[in-house]
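Okay, so here's the structure we're looking at.
FYI, side chains are in, hydrogens and waters are out, and symmetry mates aren't considered; it's all heavy atoms of this structure.
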Amino acid sequence: MEFSDRLKNLPPQFFATLVQKVAKAVAEGRDVINLGQGNPDQPTPDHIVQALSSAAQSPLSHKYSPFRGINELKQAAVDFYSREYDVNIDPNKEVAVLFGTKIGLVELPLAMMNEKELMLLPDPGYPDYLSGVGLANVQFDTMPLLEENAFLPDYKQLTPDQKEAARLMYLNYPNNPTGASATLEFFQETVELAKENDIAIVHDFAYGGIGFDGKKPISFLQAKGAKEVGIEMYTLSKTYNMAGWRVGFAVGNSKMIEAINIIQDHLFVSLFPAIQSAAAEALNGSQECVEELVALYEKRRNTFIEACRKIGWNVKAPEGSFFAWLPVPNGYTSEQFADILLEKADVAVAAGNGFGKHGEGYVRIGLLVDEDRLIEAVDRIEKLELF
Ligand SMILES: Cc1ncc(COP(=O)(O)O)c(C=O)c1O
C-alpha cells in the first residue's frame, strides 16, 4: 500500500533519532543524564488533578463536549488574559480550545493557506512548525534568529517579495530553543509589519508562564492593534505541568479563531469535558504552583550556568523557558558535539541544527532534572577537557 503524497511530504522527526540513541544507551545499562528533551519533570499540581477527578464523576463529562469547547474553559481563558496581561477577549468569538497547542500550530496553515503560499518561520525554531507546512503543502522561508539581535528576527532583512507573498508568520517568546524573550517594542514592530503587508501573526506563547529574574514574559496581545492581525497560542503543558493532558487554547483575532474552529468542527468533538474543567481550575485557581515552578527552574538555571562557567564554558543565561542554548566548542559541529557528550559522558543534549540552519553551533539543554544531576552532567563534561 502507498502513502499519500501529503504524508510523504512530512519532514523526518529529527528528535526521534535522539530518542533512539538515548534509549539504546539506557538499554546498555548506562546512566544517561537526559537533557535532550522538553518534557516537564514535575507532576501536575494536586488541586488540578482533584478538579479532574471530581469532574470525571459528573455524567455531564461522559457526553460529547460542545464542538467548540465548554464555556467554563473559554471564560477561564478570558479571565486569565484579563488578570495576567490586562487583555480583553470575547469568549464567544476570540477563543478556540485546543488539544495542546501543537495541533493548533499544525492546523493553521491548513485552515488559512492555499498550497504553495508562503509562511515565515523562525530559525532556529520548534521543529513541529514544519509538520503544518508539510501537511498543507505550503512554502516557507525562515527568519534567522541571531545572537547579535538578541535572537529576535530582523524584519529589515525581509525582501519586498517575501513581505508581499507571506500570508502567515510564527513567532515564539520566551523562545524554544534559545531561551530569549521578546520586548513590547518588538511586538509593536511586528503588528506594524503585519498591517502593512497583510500577514497573519501567530505568537506561540508556550513558555509564557516561565520568565526569570522577576521579569514576566510579555503577551503579543499586549501590543496595540495585535488582535487586528494575529492570535496567541497558550498551552497548559508547561505552566501547569500538564503536557500529557493535551490542553491549550488560542486567543485573539476572531477570523483566525473562526478558521481554527471550522477545521476542528470537522476533525474533533473537542476535549474530554472533565479535562476542560480541570484546565479552567488551573487557569483560575491558585497560581502559587506557578510561582514555585518558576523558582525551581530559576534555581536550576543558576546552578547549571554557574557550573558551566566554572569549567570555562562561556554560556549565556536564558531569560525564560526551561531551556539553555549553549555554544559548542570550536572545531565541532552541533551533532558531533552532541554525539561526543552522549558517547563519552552519558549526557544527552539536543543538537542545535535540529531546530534549523541557524541552530548550527549550539546545543540545547532542558532544565528538567534535579540540580545534582545538572551538576553531575557538567562534571562529566569537564572530564572531556573540551573547554
Ligand atoms: C515552542 C513550543 N510550542 C508549542 C509546543 C507544544 O506544546 P503542547 O502541544 O503541549 O501545547 C511546544 C512543546 O514542546 C513548544 O516547545
Side-chain angles (χ1 to χ4, degrees), residues 31-45 84 124 126 145 147-148 150-152 172-183 205-218 237-241 243 287-329 334 337-338 341 345-352 355 359 361-387:
D31 172 28
V32 176
I33 304 179
N34 190 353
L35 308 180
Q37 284 169 280
N39 206 347
D41 64 310
Q42 296 296 301
T44 305
E84 296 289 328
Y126 178 53
L145 306 187
E147 194 159 348
E148 67 245 37
F151 297 111
L152 297 169
N172 159 231
Y173 295 96
N175 183 252
N176 175 10
T178 67
S181 53
T183 58
F205 206 24
Y207 299 91
I210 310 169
F212 300 135
D213 306 313
K215 289 190 200 132
K216 186 182 168 81
I218 294 165
S237 297
K238 323 286 174 171
T239 311
Y240 302 102
N241 296 318
Q287 301 298 301
E288 220 173 288
C289 55
V290 182
E291 282 165 36
E292 284 165 11
L293 186 69
V294 172
L296 176 84
Y297 288 143
E298 184 162 332
K299 200 148 170 285
R300 287 178 181 174
R301 176 200 69 161
N302 293 346
T303 301
F304 179 76
I305 297 292
E306 194 187 313
C308 288
R309 287 177 182 163
K310 254 195 205 141
I311 69 165
W313 196 354
N314 186 14
V315 299
K316 280 222 173 85
E319 297 168 80
S321 83
F322 45 53
F323 297 114
W325 189 234
L326 313 170
V328 306
S334 294
F337 182 61
L341 295 192
D346 288 335
V347 174
V349 299
F355 301 92
Y362 295 88
V363 292
R364 187 196 74 178
I365 69 105
L367 299 163
L368 301 169
V369 297
D370 291 340
E371 272 179 85
D372 54 349
R373 293 292 273 175
L374 288 169
I375 292 174
E376 186 176 339
V378 180
D379 284 349
R380 290 186 194 177
I381 294 170
E382 181 179 22
K383 295 204 179 81
L384 302 178
E385 298 184 358
L386 298 169
F387 298 99

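- For the atom pair CG of Asp370 and CG of Leu296, the computed distance is 8.0 Å after rounding to the nearest 0.5 Å.
- Residues passing the ring-ring contact (aromatic ring centres under 6.0 Å, His included) test with Tyr126, sequence neighbours excluded: Tyr129.
- Scanning for side-chain hydrogen bond (donor to acceptor under 3.5 Å, both in side chains) contacts around Asn302 gives an empty result, with sequence neighbours left out.
- The side-chain hydrogen bond (donor to acceptor under 3.5 Å, both in side chains) test applied to Glu292 returns no partner, not counting sequence neighbours.
- Side-chain contact between Pro318 and Trp325 is absent, with no heavy-atom pair separated by less than 4.5 Å.
- Counting non-hydrogen atoms of neighbouring residues, nucleotides and ligands closer than 6.0 angstrom, the CD atom of Gln42 exceeds 12 such neighbours.
- The side-chain heavy atoms of Leu145 and Phe355, taken from C-beta on, include no pair separated by under 4.5 Å.
- For Thr44, the side-chain contact (heavy atoms from CB on, under 4.5 Å) test picks out Ile48, Val49, Met242, Trp245, with sequence neighbours left out.
- Considering only residues two or more places apart in sequence or on other chains, Phe322 meets the ring-ring contact (aromatic ring centres under 6.0 Å, His included) condition with Tyr207, Tyr297.
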Can you give each donor-acceptor pair under 3.5 Å made by side-chain atoms of residues 173-180, sequence neighbours left out, with the distance rounded to 0.1 Å?
{"residue": "Tyr173", "atom": "OH", "partner": "Phe151", "partner atom": "O", "Å": "2.6"}
{"residue": "Asn175", "atom": "OD1", "partner": "Thr178", "partner atom": "N", "Å": "3.1"}
{"residue": "Asn175", "atom": "OD1", "partner": "Thr178", "partner atom": "OG1", "Å": "2.7"}
{"residue": "Asn175", "atom": "ND2", "partner": "Asn172", "partner atom": "O", "Å": "2.9"}
{"residue": "Asn176", "atom": "OD1", "partner": "Arg364", "partner atom": "NH1", "Å": "2.8"}
{"residue": "Thr178", "atom": "OG1", "partner": "Ala180", "partner atom": "N", "Å": "3.2"}

Which donor-acceptor pairs under 3.5 Å do the side chains of residues 379-386 make with protein atoms, sequence neighbours left out?
{"residue": "Arg380", "atom": "NE", "partner": "Glu376", "partner atom": "OE2", "Å": "3.2"}
{"residue": "Arg380", "atom": "NH1", "partner": "Asp31", "partner atom": "O", "Å": "2.9"}
{"residue": "Arg380", "atom": "NH1", "partner": "Ala345", "partner atom": "O", "Å": "3.1"}
{"residue": "Arg380", "atom": "NH1", "partner": "Asp346", "partner atom": "O", "Å": "3.1"}
{"residue": "Arg380", "atom": "NH2", "partner": "Asp31", "partner atom": "O", "Å": "3.2"}
{"residue": "Arg380", "atom": "NH2", "partner": "Asp31", "partner atom": "OD2", "Å": "3.0"}
{"residue": "Arg380", "atom": "NH2", "partner": "Glu376", "partner atom": "OE2", "Å": "2.9"}

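- Take Val290 and apply the side-chain contact (heavy atoms from CB on, under 4.5 Å) test, not counting sequence neighbours, and it matches Thr239, Tyr240, Gln287, Val294.
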### Message
salt bridge (Lys or Arg N to Asp or Glu O under 4.0 Å) for Arg300 and Asp41? Distances and angles first, verdict last.
### Response
CA-CA 13 Å; Arg300 287 178 181 174; Asp41 64 310; 2.8 Å; yes
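- Annotation: the span from Leu368 atom CG to Leu35 atom CG amounts to 8.5 Å, rounded to 0.5 Å.
- Residue Leu374 holds its CG atom at 13.0 Å from CZ of Arg301, rounded to the nearest 0.5 Å.
- With sequence neighbours excluded, no residue forms a side-chain contact (heavy atoms from CB on, under 4.5 Å) with Ala295.
- Side-chain atoms of Gln37 do not come within 3.5 Å of backbone N or O of Gly366 as any donor-acceptor pair.
- For Gly208 against Pro217, the heavy-atom pair with the smallest separation is O-CG, 3.3 Å.
- Between the CZ atom in Arg373 and the OG1 atom in Thr303 there is a gap of 15.5 Å [rounded to 0.5 Å].
- In this structure, the side-chain hydrogen bond (donor to acceptor under 3.5 Å, both in side chains) partners of Glu319, at least two apart in sequence or on a different chain, are Ser181.
- The list of side chain to side chain donor-acceptor pair (under 3.5 Å) pairs with a residue in residues 309-318, not counting sequence neighbours, reads Glu147-Lys316.
- Between Phe304 and Leu367, the closest heavy-atom pair is CB-CD2, 4.1 Å.
- Counting only distance, with no hydrogens or angles, the side chain of Ser334 and the backbone of Val363 share no donor-acceptor pair below 3.5 Å.
- A pairwise comparison of heavy atoms in Cys308 and Val315 identifies CB-CG2, 3.7 Å as the closest pair.
- Under the salt bridge (Lys or Arg N to Asp or Glu O under 4.0 Å) criterion, Glu371 pairs with Lys299, not counting sequence neighbours.
- In this structure, Ala243 and Pro40 approach most closely via the heavy-atom pair CB-CD, 4.1 Å.
- Environment of NZ in Lys216: crowded, with over 12 heavy atoms of neighbouring residues, nucleotides or ligands closer than 6.0 Å.
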